[in-house]
There are 2 protein chains.
Amino acid sequence: MTDTRWLDDDEQRAWLRTAAVLELMPGALDAQLSRDQDLTHFEYFALASLSEAPERTLRITELATMTNATLPRLSRVLTGLEKTALVERSACAEDRRAKNVTLTEAGWAKVVAAAPGHVENVRQLVFDRLSDEQVEQLSAITEALLGELDPQGRMFASSR
Amino acid sequence: MTDTRWLDDDEQRAWLRTAAVLELMPGALDAQLSRDQDLTHFEYFALASLSEAPERTLRITELATMTNATLPRLSRVLTGLEKTALVERSACAEDRRAKNVTLTEAGWAKVVAAAPGHVENVRQLVFDRLSDEQVEQLSAITEALLGELDPQGRMFASSR
DNA sequence: AGGGTATAGTTGTAGATGCAACCATGAGAG
DNA sequence: CTCTCATGGTTGCATCTACAACTATACCCT
């Protein structure tokens, strides 16, 4: 048990602000999407992930990994999205334990409808306030953090 | 309704990474605290906020503002913390609608016990991976974001 | 004073989420 | 072959959270 290496003033300030952003941002993202499109940010992210997959289809487990969801959570969210006909579950030929989820036409239309408002929101919340230089810095910083948070790159299967 | 200003490649990359950090960090913070101290990050943050207040006491509403919690949520969390004798509620003399929450001795001891592990965790997750320059950049970036997310500085009553 | 409105806090209730238990299928060892 | 163990997915249950309704008190205006 060694002595604690406390945060110095700069680190302290950076952390307090980061923690505040961490606390506030999810609500800001959810607010716009649920107000305008009756979607949570998680649902949007899941639909968007499907929309970029080949055949707009993924294994449930694969989607869970990409969205950092537990399987039970995703299972119930999919049940909800199935009720509004945005996705469909189907059996998986290669592995009969598994299932595929596919984005329906209505689901695709939903993503297309939701994307502009979401992007506009992200712009207002983030990019309108940052210089080009800061965007680069943010990119490098978050990449470094993901080295610890997500060493396998689970949330970046497609984008790497 | 004007055309959407889509994100360019740099912005896209920065946002994907930022969204991933936003998704993963809360779990990483909660995991350490609940494993080692049987506290959620929210509970820790509330206790820590009380520990820095004058008399280790705050109005419930004030604490709710500082922690970005709704009043019902905070009310129930306080009930839990009261059960383990980490805080105490008491009537407020100046306004008989209001109540004060005070950190007990046991609550103070809990914060003292929890802080080193939490700081160590934040170090591993964040500062060990960033250069001094990047810490400064992160500070400036998050400050800019809070300008939109928290224009009143609600989460920074004490630290500004 | 008296009435209307706003604020502080708690509680009812419904929806979301995690953990653990469960069922079905697959993969490997003998 | 079949026994054992691992994996994919769903469901039960406990907990957490938000929204709305409610009580009590304060403030304001006449």
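Here is the naming used below: chain letters follow the sequence lines, and residue numbers restart at 1 for every chain.
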Practice prompt. Name the nucleic acid region contacted by A:L71, choosing base, sugar-phosphate or nothing; use a 4.0 angstrom heavy-atom cut-off, strictly under.
Written response: base

Discussion item. Any residue in residues 75-91 of chain B with a heavy atom nearer than 4.0 angstrom to DNA chain C? Just list them by number, or reply none.
Written reply: B:S75, B:R76, B:R89

Worksheet item: Is there side-chain contact between A:T40 and A:L33, with at least one heavy-atom pair below 4.5 Å?
Response: no

Item to complete: With sequence neighbours excluded, tell me which residues meet salt bridge (Lys or Arg N to Asp or Glu O under 4.0 Å) with B:R5.
Response: A:E120, A:D128

Worksheet, complete the sentence: So the contacted stretch of DNA chain D, first to last nucleotide with an atom under 4.0 Å from a non-hydrogen atom of chain B, runs from D:dT17 to D:dA26

For nucleotides 21-27 of chain C, list the nitrogen or oxygen atoms of the protein found under 3.5 Å from its nitrogen or oxygen atoms, one pair per line.
| residue | atom | partner | partner atom | Å |
| --- | --- | --- | --- | --- |
| C:dG26 | OP1 | A:R96 | N | 3.1 |

Item to complete: Using the test side chain to side chain donor-acceptor pair (under 3.5 Å), find all partners of A:T18 that sit at least two apart in sequence or belong to another chain.
Response: none

Discussion item. Test: ring-ring contact (aromatic ring centres under 6.0 Å, His included). Region: residues 49-100 of chain A. Which pairs qualify, not counting sequence neighbours?
Written reply: none

Practice prompt. Check the distance between C:dA16's P and B:R73's CZ and give it to me in whole angstrom.
Written response: 17 Å

Worksheet item: Going by heavy atoms closer than 4.0 Å, what residues in residues 21-51 of chain A are next to DNA chain D?
Response: none

Item to complete: Return each pair, listed once, that meets ring-ring contact (aromatic ring centres under 6.0 Å, His included) where at least one residue sits in residues 68-125 of chain A; pairs must be two or more places apart or across chains.
Response: A:H41-A:H118, A:Y44-A:H118

Worksheet entry | Check: A:R17/B:S139 side-chain N/O donor and acceptor closer than 3.5 Å | yes

Worksheet item: For residues 49-74 of chain B, which residue pairs qualify under ring-ring contact (aromatic ring centres under 6.0 Å, His included), counting only residues two or more places apart or in two chains?
Response: none

Worksheet entry | A:V122 vs A:L29 side-chain heavy atoms within contact, under 4.5 Å | yes

Worksheet item: Does some side-chain heavy atom of B:L149 sit less than 4.5 Å from a side-chain heavy atom of A:L125?
Response: yes

For residues 70-79 of chain A, please give each side-chain donor-acceptor pair under 3.5 Å, one per line with the distance, not counting sequence neighbours.
| residue | atom | partner | partner atom | Å |
| --- | --- | --- | --- | --- |
| A:T70 | OG1 | A:R73 | N | 3.3 |
| A:T79 | OG1 | A:S75 | O | 2.9 |
| A:T79 | OG1 | A:R89 | NH2 | 2.5 |

Item to complete: Indicate yes or no: at least one non-hydrogen side-chain atom of B:M66 is less than 4.5 angstrom from one of B:R154.
Response: no

Discussion item. Using the salt bridge (Lys or Arg N to Asp or Glu O under 4.0 Å) criterion, which residues pair with B:E133? Sequence neighbours excluded.
Written reply: none

Response to the item:
Those residues at least two apart in sequence (or on a different chain) that pass side chain to side chain donor-acceptor pair (under 3.5 Å) with B:R59 are none

